[in-house]
2 protein chains.
Amino acid sequence: MLEAAVERGRQVLPGVTLVRAGEPMAALFVVRSGSAKRYSVTLEGTEQVHGFILPGEAVGLEGFAGGRYLCEVSALEALHYCRVPMRKLEQLLERLPGLRREILRLLGQALDEAQRLHGELAQRDARGRVAHFLADLSERLARRGLSPTEFRLSMNRADIASHLGLTLETISRALSAFKREGWLRVRARDISVLRPEALAALGSGCA
Amino acid sequence: MLEAAVERGRQVLPGVTLVRAGEPMAALFVVRSGSAKRYSVTLEGTEQVHGFILPGEAVGLEGFAGGRYLCEVSALEALHYCRVPMRKLEQLLERLPGLRREILRLLGQALDEAQRLHGELAQRDARGRVAHFLADLSERLARRGLSPTEFRLSMNRADIASHLGLTLETISRALSAFKREGWLRVRARDISVLRPEALAALGSGCA
DNA sequence: AGCGGCACTTGACGCAGATCAAATTTGCGC
DNA sequence: GCGCAAATTTGATCTGCGTCAAGTGCCGCT
C-alpha cells in the first residue's frame with residue numbers, strides 16, 4: 001500500500017534518536033526490524049516512556065496533530081526502517097482511497113491502544129500491569145510472526161517502569177514473583193513464557 | 001469544513017448512549033453543547049472511563065481502527081450534536097484536501113492527548129492527578145469560550161475516579177484539600193477555581 | 001583471566017491511598 | 001416544603017508500593 005512512496009533500506013544503531021519533539025513532521029516512519037521507545041522529556045528533565053515500537057509499527061503518527069512531532073523516538077536495538085516523506089504522502093492520499101483508509105486505520109488503532117492502555121493501567125495493581133505488558137508484547141510479536149513465548153526484552157527495567165507508572169524495583173519483584181510461581185523463566189533480559197494463559201488472565205482483569 | 005456533510009440539530013437526554021462498542025461505525029459525531037463520557041465495560045462488568053467529551057470535540061474516532069466503535073459514549077447532560085455519515089465523509093475526503101488534513105489533525109490530537117494523559121497519570125500522585133484533571137477541563141472549556149474558573153462538573157466522583165485510576169473517596173479528599181488551602185471553592189458539582197496557577201503547577205509536575 | 005561499572009535483585013521500612021464504615025448533604029419527586 | 005435515595009464527605013484501619021540501602025551477577029575492557 002505504502003510501497004510506492006517508500007524510501008527503503010535505512011538503518012540506525014541503538015541509542016540513535018529517530019525523531020525529536022518539536023521538529024517539523026517531515027516524514028512518517030515504519031519500523032522493519034528492531035525496536036524503539038517513544039517518550040517525552042518532562043520539565044524536570046526526566047523521561048516519560050509512552051510506549052515501545054516493534055517491527056511493522058509506525059513512528060510519528062501524533063505529528064498529524066500539528067505538523068510537528070510531539071515525542072522523541074529512539075532506537076533500542078539496531079533498527080531498519082523505511083521513511084515516507086509527507087510531501088509524497090499527501091500526493092498519494094489524493095489518489096488512493098485505500099491508502100487513506102490505511103492511514104486512518106493506523107491512527108485509529110494507535111488511539112485505541114493508547115486509551116486501552118490508560119484503562120488497563122489505571123485499574124490494575126503492579127503485577128497486573130507487568131503481566132499485561134508481557135502479554136501485550138507477546139501478542140504483538142506473534143502478529144509479526146516472531147515467537148510469543150521466547151524473546152529478549154530490548155528495554156531496561158527503568159523504561160518498563162516508566163511506561164507502567166511503577167519503579168524499577170517493583171518490575172523486578174513482579175518478574176521474580178512470576179518466576180517463583182513458574183509462569184516465566186527470566187534470565188536478565190531473556191524471557192520464556194511458560195504459562196501464557198496465566199499472564200493474559202492476570203493482565204486483563206481476572207484476579 | 002465539515003459543514004457540507006453535517007446532519008444538524010440532533011439531541012439526546014442525559015444518560016442516553018450515543019455509540020456502543022462493537023457497532024459498525026456508521027458516522028462520526030461532533031458535540032455542539034453538553035458533555036459525554038467515553039468508557040468501556042470490562043469483563044467483570046465494571047466501567048472504565050477513558051475520558052470526557054466537551055463541546056467542539058469528536059466522538060467515535062477510534063472507530064477508524066476497524067470500522068467499528070470500540071468504546072461506549074453516553075451523554076452526561078442534555079446534548080446537542082451533529083453527525084457526519086461515514087459514506088458522505090469518504091466522498092468528501094476524496095475531494096477536499098483541507099478536510100483530509102483536518103481529520104488527520106483531529107486523530108493526531110486525540111492520540112497525543114491519550115498518550116500525554118497516560119504519562120501524566122503514571123507519574124503523579126492523587127492530588128496531582130486531580131489538579132491535572134481540573135486544569136485540563138478548565139483549559140478545554142476556555143478553548144470553547146466558556147469560563148475556565150466557574151463551572152459545573154457534569155460527571156460524578158466515581159467517573160472522575162475511574163478516569164484517574166483512583167477511588168471516589170480519594171477524589172473527594174483531594175477536592176477538600178484544595179478547598180482547605182484556598183485553591184478552589186467547591187459546592188457539590190459547582191467548582192470555582194481561585195488559584196488556577198497553583199492547580200496548573202501541581203497538575204503538570206511541580207511538587 | 002581479572003577488574004570495574006552498570007543493570008538488576010533483594011531486603012527493611014514508611015506512607016499514600018485503598019478499603020470499610022458511618023455521617024452528612026444534595027437533589028428529586030410528590 | 002417534606003422525605004427519601006443517591007451522592008458526597010469524613011473517619012479509621014490496613015496494605016501495596018515507593019524509597020533507601022545493600023548485595024549479586026553480567027558484560028565489556030584492558
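This is a predicted model, so every value here is computed, not measured. Below, chains carry the letters A, B, ... as their sequence lines are ordered, and counting in each starts from 1. For the numbers below, each heavy atom of this structure counts, side chains included, while hydrogens, waters and symmetry mates do not.
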Quickly work out the [X] [atom1] to [N] [atom2] distance and round it to whole Å.
X: A:Arg124; N: D:dC17; atom1: CZ; atom2: C1'; result: 17 Å
X: A:Ile171; N: D:dT19; atom1: CD1; atom2: P; result: 13 Å
X: B:Leu168; N: C:dA18; atom1: CG; atom2: C1'; result: 11 Å
X: A:Leu175; N: C:dT9; atom1: CG; atom2: C1'; result: 11 Å
X: B:Glu169; N: D:dT8; atom1: CD; atom2: C1'; result: 10 Å
X: A:Asp159; N: C:dC8; atom1: CG; atom2: C1'; result: 14 Å
X: A:Asp125; N: C:dT19; atom1: CG; atom2: P; result: 11 Å
X: A:Leu76; N: C:dA7; atom1: CG; atom2: P; result: 13 Å

Problem - B:Arg152 side chain, from C-beta outward: closest of C:dG27, C:dA18, D:dT9 - result: C:dG27
Practice task
Please determine, for the side chain of A:Ser172, which listed nucleotide (C:dG27, D:dT8, C:dT10) has the closest atom?
Solution key: C:dT10
Practice task
Measure the angle between the two terminal helix axes of the helix from C:dA1-D:dT30 to C:dC30-D:dG1, five base pairs each, and quote it to 10°.
Solution key: 50°
Is [X] salt-bridged to [Y], cutoff N-O under 4.0 Å?
X: A:Glu113; Y: A:Arg116; value: no
X: B:Arg140; Y: B:Glu57; value: yes
X: A:Glu197; Y: A:Arg195; value: yes
X: A:Lys37; Y: A:Glu47; value: yes

Exercise for the section: Kindly say if B:Thr167 contacts the phosphate of C:dT19, meaning a side-chain N or O under 4.0 Å from OP1 or OP2. Expected result: no
Practice task
Using a cut-off of strictly less than 4.0 Å, decide whether A:Thr170 has a side-chain nitrogen or oxygen near OP1 or OP2 of D:dG18.
Solution key: yes
Practice task
For the pair A:Phe133 and A:Phe52, name the ring-plane relationship: parallel under 30°, tilted 30 to 60°, perpendicular over 60°.
Solution key: perpendicular
Problem - Backbone N/O of A:Val49 and side chain of A:Ser162: donor-acceptor pair under 3.5 Å - result: yes
Handout entry: B:Glu72 (side chain) donor-acceptor with B:Ala21 (main chain) under 3.5 angstrom
Key = yes
Handout entry: Position toward the 5' end of DNA chain D (nearest nucleotide), A:Leu166 or B:Ser176
Key = B:Ser176
Exercise for the section: Please report the closest heavy-atom contact between A:Gln109 and B:Ala65, naming both atoms and the distance. Expected result: N-CB, 3.4 Å
Problem - Test item: A:Glu139 and A:Pro148 side chains (from C-beta on) under 4.5 Å apart, heavy atoms - result: no
Practice task
Assign B:Gly165 to base, sugar-phosphate, or nothing according to its heavy-atom contacts below 4.0 angstrom with the strands shown.
Solution key: sugar-phosphate
Handout entry: Within 6.0 Å of CZ in B:Arg105, more than 12 heavy atoms from elsewhere
Key = yes
Exercise for the section: Mark yes or no for a side-chain to base donor-acceptor pair under 3.5 Å between B:Arg157 and C:dT25, with no hydrogen or angle criteria applied. Expected result: no
Handout entry: Distance-only donor-acceptor test, B:Arg173 side-chain atoms vs D:dG11 base atoms, 3.5 Å
Key = yes
Handout entry: Near-strand residues of residues 186-195 of chain A, defined as heavy-atom separation under 4.0 angstrom from DNA chain C
Key = A:Arg189
